[in-house]
Amino acid sequence: MKIWSTEHVFSYPWETVIKAAMRKYPNPMNPNVVGVDVLDRSLDKEGRLHSHRLLSTEWGLPGIVRAILGTNHTQTYVQEHSIVDPEKKKMELCSTNITLTNLISVDERLLYSPHPDNPDVTILTQEAIITVKGVSLGSYLEGMMAMRMSANAMKDSSSAVPSTFPATPHKAGGFSARRDPLQLVLILPCSGSSDRRCNVAKDEWFLELELRVVGQSLAGVSQCKLKTINSYSNQGKRGIQDHFPYC
Amino acid sequence: MNSVGEACTDMKREYDQCFNRWFAEKFLKGDQSGDPCTESFKRYQLCVQTAIKEKDIPVDGVEFMGPNKDKPES
């Protein structure tokens with residue numbers, strides 16, 4: 001159930017891109033990653049380097065959101081396995097979240113290799129499989145964007161290597177740097193016919209929610225807004241806008 | 001960049017510097033002889049494993065999940 005995939009070209013040879021990719025964090029374009037640790041590293045019989053890493057991410061979610069998500073932890077963790085093949089010039093990276101797994105799985109796969117048409121240039125193929133769990137309707141989201149990771153991937157890529165490609169303007173719904181309010185677009189199934197945000201009689205089963213952390217109060221508490229942007233049916237979008245602040 | 005365990009950050013930085021140097025100057029150039037970072041890695045690892053246990057982070061050997069595999073509930 002592939003949700004999205006994207007290709008990106010770096011105007012640098014593979015070795016340069018790989019060296020930068022291994023040192024991707026800290027990354028001002030993705031300041032939510034606050035910790036990176038190597039859990040294990042080894043060479044296999046074919047001379048490829050395997051690394052297992054743990055990434056700690058801090059979203060600064062306010063208490064009410066943590067309560068909704070059912071977690072007391074402020075950090076979420078991602079486990080990553082990468083394989084670097086210096087002979088074939090291939091770096092493959094797979095990551096998956098290991099917390100909040102009862103709600104959502106975000107499995108990501110990245111592949112860095114020299115561009116087939118130009119060996120001085122590198123191509124990155126990135127794909128994500130996103131699965132939302134705990135669905136009262138027992139159905140998964142097929143073919144819908146749960147999170148706008150493309151914008152993030154572009155930003156990550158553009159900061160890791162000094163580059164000539166244009167910066168992606170921040171799109172509503174992407175993860176943004178802390179300088180801007182944190183925005184997250186979630187597509188979640190409605191929690192049954194009692195969920196007044198969905199009109200089940202009209203076959204509306206899915207909600208697109210925008211969660212924005214808009215600032216901090218003087219007491220240091222994050223202020224947020226949770227806005228319903230749209231509700232969807234299985235057959236496609238229906239445009240109902242419903243606004244309500246959660247905080 | 002910090003480590004998941006606050007106490008491990010210095011060890012992490014020391015290991016990272018060693019690794020990045022070996023990676024760029026040896027590994028990518030096809031020289032896989034001798035990893036000079038094993039000592040610093042061992043120290044760093046001990047610290048990280050302790051921090052992971054303390055923070056109860058559910059690290060395991062699970063590989064990338066395809067669409068047909070189940071994830072353990074957390």
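All of these numbers come straight from a predicted model, not from anything done at the bench. Below, read A as the first sequence line, B as the second, and so on, with proteins coming before strands; counting in each chain starts at 1.
Not a single donor-acceptor pair under 3.5 Å links the side chain of Y15(B) to the backbone N or O of V38(A).
To the nearest 0.5 angstrom, L28(B) atom CG is 9.5 Å from T16(A) atom OG1. For the atom pair CD (E15(A)) and NZ (K29(B)), the distance works out to 9.5 Å, reported to the nearest 0.5 Å.
Within the 4.5 angstrom heavy-atom criterion, only side-chain atoms of F23(B), from C-beta onward, approach chain A. When heavy atoms are compared at a cutoff of 4.5 Å, L55(A) does not approach chain B at all. When heavy atoms are compared at a cutoff of 4.5 Å, V48(B) approaches chain A solely by way of its side chain, counted from C-beta outward.
Contact of the F27(B) side chain with the V84(A) side chain is registered, since non-hydrogen atoms from C-beta on lie closer than 4.5 Å. Counting only heavy atoms from C-beta outward, the side chains of N2(B) and V34(A) never approach each other to under 4.5 Å. Annotation: side chain of V36(A) is in contact with side chain of K12(B) (closest heavy-atom distance under 4.5 Å).
When all heavy atoms of V33(A) and M1(B) are compared, the closest pair comes out as O-CE, 3.3 Å. Heavy atoms only, all atoms of each residue included: Q79(A) and P58(B) are closest at OE1-O, 4.5 Å.
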Given the rule in the side-chain contact (heavy atoms from CB on, under 4.5 Å) test, do I52(B) and Y77(A) qualify, once you have shown the distances and angles that lead to the verdict?
CA-CA 11 Å; I52(B) 286 171; Y77(A) 295 99; over 6 Å; no
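No more than 12 heavy atoms of other residues, nucleotides or ligands lie within 6.0 Å of CD in E87(A), so this atom counts as exposed by the packing criterion. The neighbour count for R48(A) CZ, taken as heavy atoms of other residues, nucleotides or ligands under 6.0 Å away, is above 12.
Most heavy-atom pairs under 4.5 Å with chain B, from the set D40(A), L39(A), L43(A), L54(A): that is L39(A).
Under the 6.0 Å distance and 45° angle rule, R41(A) counts as a cation-pi partner of F19(B).
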